[in-house]
Colleague: 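Structure provided below as structure tokens; questions to follow.
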Amino acid sequence: MKVLYNWIKEFVALTATPEELRTRLSLSGTAVEALEQTAAGPMLDAELTSNRADCLGHYGIARETAALYRLPLAAVAAAPREIAEAASSATRVEIESPELCGRYTARVLRGVQVGPSPDWLRHRLESLGQTSINNVVDATNYMMLELGHPLHAFDLDLLSEHRIVVRRARAGEKMRTLDGIERTLTRDMCVIADAARAVAIAGVMGGADSEIRLASRNILIEAAWFDPISIRRTSKLLGLRTEASMRFERGADLEMAELASRRCADLIQKLAGGDVLTGAVDIYQARTTAPAIQLTRKELLRVMGADVPDAEIEAILSALGFALMGANAAQASANSPSAAWTCHRPSWRGDVTREIDLIEEVARLYGVDKFPARLPAAKLPATRLEYAEAEDRLREWLIGLGYQEIITIPIVEEASDALFRAENAAPARIANPLAEDASVMRSTGAVTMAATLEWNLNHGQRNVRLFEFGKTYGWKGSEPVETRILTLGATGLAREKGVAESERAFGFADLKGDLDQIGRLPGGFQWKAGGAEWLHPAHAGKIFLQGGGADARALGIAGQVSRRVSERFKLRQDAYIAELELEPLCAGYKDARAALRYKPLSRFPAVERDFSLVLADGTPFSAVADAIRSLGIAEVTSMDAVDLYRGKNMPAGKFSLLVRVTFESHQATLTESQLTEFSSRILAALEQKLGATLRA
């Protein structure tokens with residue numbers, strides 16, 4: 001909402017500068033994003049929440065300003081010179097669909113002279129992004145921007161039988177709107193019609209057949225109230241969002257219609273001359289009385305944790321238009337703890353329905369900064385979820401490994417989700433998506449991780465390591481399923497160039513190493529070759545919990561993103577993604593914690609032995625470790641793959657792997673003969689099971 005500072009000053013005797021007003025409005029909940037200079041003076045660009053329809057006009061912002069500075073608000077003046085002829089003799093109004101139109105006023109002017117608008121009016125409209133058309137149309141737009149209530153002017157002579165009929169559109173009915181487009185209407189839409197045809201889409205846009213022309217002499221001013229839900233649906237179905245529809249769909253002021261019509265007629269008379277017929281045809285079928293709302297000091301103290309003086313509460317509520325009934329009558333003395341205020345909300349504040357809403361109004365205008373920061377008293381004991389500790393430990397380890405946590409929106413584009421989704425998985429589609437690229441809930445965390453890596457690369461971040469705790473969504477038969485997951489993503493350098501070290505790109509071995517580090521929390525991971533189709537077949541693996549058995553289900557997958565997926569996401573460098581299910585991971589952590597036992601450190605030195613093995617291509621390190629582990633040598637405490645070599649002097653189909661085995665005893669220092677025996681047994685087992693030989 002663009003607001004002209006000088007226009008505000010017409011209603012409030014304001015001495016504050018535009019910069020000061022911007023700050024005060026922003027602190028009170030009306031965020032002013034920018035302050036610009038225009039031909040009509042300083043302009044504030046306010047970002048309004050959807051419930052503040054009352055601030056969609058300069059008068060509403062002026063009311064907020066007056067309440068902030070405790071200044072009087074000038075009343076809106078409207079006194080057109082009326083002739084004896086009544087408006088009811090010149091036109092008739094019928095509302096056939098009262099559920100769509102709660103009020104309709106029609107005011108008639110005769111003998112107007114349509115022409116260009118004066119400079120002051122053009123400058124104001126153009127500063128606010130409105131195109132000047134002619135003095136009559138500009139007057140209706142000016143009133144909308146001033147009072148926040150949309151109006152429309154019809155050429156009365158072009159209305160069949162000079163009648164207005166508010167009804168539902170007929171199925172397949174067509175009309176040409178002011179933008180020159182012929183639109184097909186449905187029965188769910190509300191239209192303004194004359195005796196023969198539809199002449200406007202109610203609350204959205206007028207029709208070309210009854211627009212104001214230079215030759216127009218007699219006009220009818222419409223000021224009405226239309227159902228917000230109906231306007232929103234019509235606007236969305238037609239793909240036609242206007243300043244009028246935006247105001248009506250947020251809830252216009254029912255009581256403002258007659259005043260807006262009268263003030264508009266007054267302005268048109270000053271700009272274009274003519275005679276204003278007495279009164280207006282006002283069909284108001286849904287007149288209601290706003291319910292009383294009570295504000296108590298007890299609740300104010302409970303919610304805000306601090307008090308507000310009686311005089312401030314009453315001044316704020318009165319300035320905002322809330323009619324106090326017996327204000328402060330419940331307290332025995334000033335600022336009594338039992339104080340209570342009962343008031344009726346004004347017609348322009350349909351969003352205020354409860355006591356908590358009144359507390360918000362008082363707090364934001366009194367100044368939220370005046371309330372001390374404090375935590376509310378807890379009414380119920382709190383306990384952490386059973387998997388919270390496991391997630392905390394995982395988070396700590398990942399941050400220690402150089403990863404940063406992200407949170408992404410799980411609503412994604414179906415085409416992107418399909419790249420990562422398993423063939424037999426049914427996606428969780430959104431019934432009424434806001435956009436095509438947000439039409440399904442993600443089936444895997446990899447889709448949002450790939451998109452995040454793409455975003456970072458596009459914004460110049462080349463070295464990225466990320467992780468996310470989230471959920472995936474799908475179906476198990478007819479039942480929806482949500483699965484908690486941990487997703488990792490990395491790209492760029494594993495090591496940057498230093499004085500003594502060259503740079504090194506992040507690879508699959510780095511990702512596997514990081515995962516093995518966090519795998520120590522649940523007792524260790526086992527790896528097997530394979531993975532999803534979206535992973536590089538040579539740089540991927542399935543992850544299992546240690547000791548899960550031959551029939552265990554994979555805990556997750558990890559690997560390099562395939563070329564096909566990288567091209568789809570425009571990843572210009574190798575990227576790596578891993579995804580693990582959190583439920584079994586956290587359960588494994590819990591079991592590992594329960595199995596922890598005190599084990600004293602050995603008083604005797606550990607001994608390392610290196611085995612430079614020649615193995616057949618395709619032999620995984622896990623097979624080497626399993627072969628050594630099968631010997632049951634109690635003194636073996638660890639096994640590590642230290643180096644891998646392929647190339648010169650290596651037989652075809654072979655590679656060299658340097659394996660380091662650590663031996664340690666808790667009873668005595670290991671002798672050379674014992675170490676020789678262990679080494680011989682290990683070499684014999686590797687030769688028998690894997691065909692391994694020692695490298696010469």
Side-chain angles (χ1 to χ4, degrees), residues 1-12 14-38 40-71 73 124 127-130 144-150 228 232 241-253 303-306 308 312 315-317 319-322 345-346 348-354 356-373 407 409 434:
M1 171 67 188
K2 291 179 168 55
V3 181
L4 292 175
Y5 173 76
N6 293 332
W7 202 341
I8 297 297
K9 292 183 68 175
E10 292 180 7
F11 300 108
V12 183
L14 190 62
T15 58
T17 64
E19 291 78 9
E20 292 171 344
L21 178 59
R22 175 188 182 181
T23 301
R24 290 292 299 274
L25 284 172
S26 296
L27 290 175
S28 68
T30 306
V32 179
E33 301 292 334
L35 177 62
E36 304 173 16
Q37 285 295 331
T38 69
M43 182 186 73
L44 294 84
D45 191 354
E47 184 71 26
L48 301 175
T49 53
S50 59
N51 65 310
R52 294 306 305 272
D54 60 302
C55 287
L56 289 172
H58 282 70
Y59 196 67
I61 299 293
R63 185 187 297 110
E64 288 284 306
T65 303
L68 276 171
Y69 288 93
R70 309 295 192 270
L71 295 172
L73 178 68
R124 281 198 171 180
S127 296
L128 297 172
Q130 295 283 324
M144 176 186 68
L145 296 172
E146 180 177 81
L147 301 178
H149 198 98
R232 171 65 177 163
R241 185 168 174 80
T242 63
E243 290 285 338
S245 69
M246 184 263 289
R247 286 167 170 80
F248 277 125
E249 68 188 32
R250 294 191 181 193
D253 181 6
V303 173
M304 300 305 302
V308 179
E312 288 288 337
I316 290 169
L317 293 177
L320 292 175
F322 292 90
R345 75 175 183 219
W348 55 85
R349 290 305 302 272
D351 60 310
V352 177
T353 59
R354 305 167 298 164
I356 190 65
D357 298 327
L358 291 178
I359 293 173
E360 180 185 354
E361 296 302 303
V362 171
R364 69 182 184 84
L365 290 177
Y366 179 66
V368 178
D369 57 313
K370 296 179 182 178
F371 294 93
I407 299 175
I409 298 174
L434 295 176

Colleague: Begin from the C-alpha positions of Glu249 and Arg241 and carry the test salt bridge (charged side-chain N to carboxylate O under 4.0 Å, His left out) through to its verdict.
Modeller: CA-CA 10 Å; Glu249 68 188 32; Arg241 185 168 174 80; 2.5 Å; yes
Colleague: Residues in salt bridge (Lys or Arg N to Asp or Glu O under 4.0 Å) with Glu312, at least two apart?
Modeller: Arg70
Colleague: Indicate yes or no: at least one non-hydrogen side-chain atom of Leu365 is less than 4.5 angstrom from one of Leu320.
Modeller: yes
Colleague: Provide the full list of ring-ring contact (aromatic ring centres under 6.0 Å, His included) pairs with a residue in residues 17-36, sequence neighbours left out, each pair given once.
Modeller: none
Colleague: Grab the two heavy atoms, one from Gly251 and one from Pro228, that are nearest each other, plus how far apart they are.
Modeller: CA-CG, 4.0 Å
Colleague: Considering non-hydrogen atoms only, spot the tightest contact between Leu44 and Pro18 and give its length.
Modeller: CD2-O, 4.3 Å
Colleague: Would you name the heavy atoms of Ala40 and Asn6 that are closest together and state the gap between them?
Modeller: O-ND2, 3.4 Å
Colleague: CD/Glu19 to OG1/Thr23 distance, rounded to the nearest 0.5 angstrom?
Modeller: 8.0 Å
Colleague: Under a 4.5 Å cut-off applied to non-hydrogen side-chain atoms, are Phe248 and Arg232 in contact?
Modeller: no
Colleague: With sequence neighbours excluded, tell me which residues meet ring-ring contact (aromatic ring centres under 6.0 Å, His included) with Tyr5.
Modeller: none
Colleague: Could you measure the distance from the OG1 atom of Thr65 to the CG atom of Leu68? Nearest 0.5 Å is fine.
Modeller: 6.5 Å
Colleague: I'd like to know whether Leu27 forms a side chain to side chain contact (heavy atoms under 4.5 Å, CB included) with Val368, so could you lay out the CA-CA distance, the side-chain angles of the two residues, the decisive distance to 0.1 Å, and finally the verdict.
Modeller: CA-CA 8 Å; Leu27 290 175; Val368 178; over 6 Å; no
Colleague: Indicate the atoms forming the closest heavy-atom contact of Met304 with Ile359, along with that distance.
Modeller: CG-CG2, 3.9 Å
Colleague: Would you say Val308 and Phe371 make side-chain contact, with heavy atoms under 4.5 Å?
Modeller: yes
Colleague: Could you give the side-chain donor-acceptor pairs of residues 52-61 under 3.5 Å, partners two or more places apart or in another chain?
Modeller:
from	atom 1	to	atom 2	distance (Å)
Arg52	NE	Asp54	OD1	2.9
Arg52	NH2	Asp54	OD2	2.8
Arg52	NH2	Glu64	OE2	2.8
His58	ND1	Leu145	O	2.9
His58	NE2	Leu4	N	2.9
Tyr59	OH	Ala74	O	2.9

Colleague: How far does CE of Met43 sit from CG of Leu35, to the nearest 0.5 angstrom?
Modeller: 8.5 Å
Colleague: How many angstroms lie between atom CZ of Arg345 and atom CG of Leu317, to the nearest 0.5 angstrom?
Modeller: 14.5 Å
Colleague: Not counting sequence neighbours, which residues clear salt bridge (Lys or Arg N to Asp or Glu O under 4.0 Å) with Arg124? List them please.
Modeller: Glu10
Colleague: Using every non-hydrogen atom in the two residues, find where Leu25 and Ser28 come nearest and quote the distance to one decimal.
Modeller: O-OG, 2.9 Å
Colleague: Tell me if a side-chain donor or acceptor on Thr30 pairs with a main-chain N or O of Ser26 at a distance below 3.5 Å.
Modeller: no
Colleague: Phe322 ring centre to Arg349 NZ or CZ under 6.0 Å, with the angle to the axis within 45°?
Modeller: no
Colleague: Could you give the distance from CE (Met1) to CG (Leu48), rounded to the nearest 0.5 Å?
Modeller: 7.5 Å
Colleague: To the nearest 0.5 Å, what is the distance between CG on Leu14 and OH on Tyr69?
Modeller: 6.0 Å
Colleague: According to salt bridge (Lys or Arg N to Asp or Glu O under 4.0 Å), who are the partners of Glu20, at least two apart in sequence or on a separate chain?
Modeller: none
Colleague: Within 45° of the axis and under 6.0 Å from the centre of the six-membered ring of Phe11, does NZ or CZ of Lys9 qualify?
Modeller: no
Colleague: What are the two closest heavy atoms between Ala244 and Met144, and how far apart are they?
Modeller: N-SD, 4.2 Å
Colleague: Go through Gln130 and Glu243 one step at a time and tell me if the side chain to side chain contact (heavy atoms under 4.5 Å, CB included) criterion holds.
Modeller: CA-CA 10 Å; Gln130 295 283 324; Glu243 290 285 338; 3.5 Å; yes
Colleague: Would Glu360 and Arg364 pass as an ion pair if we require N to O under 4.0 Å?
Modeller: no
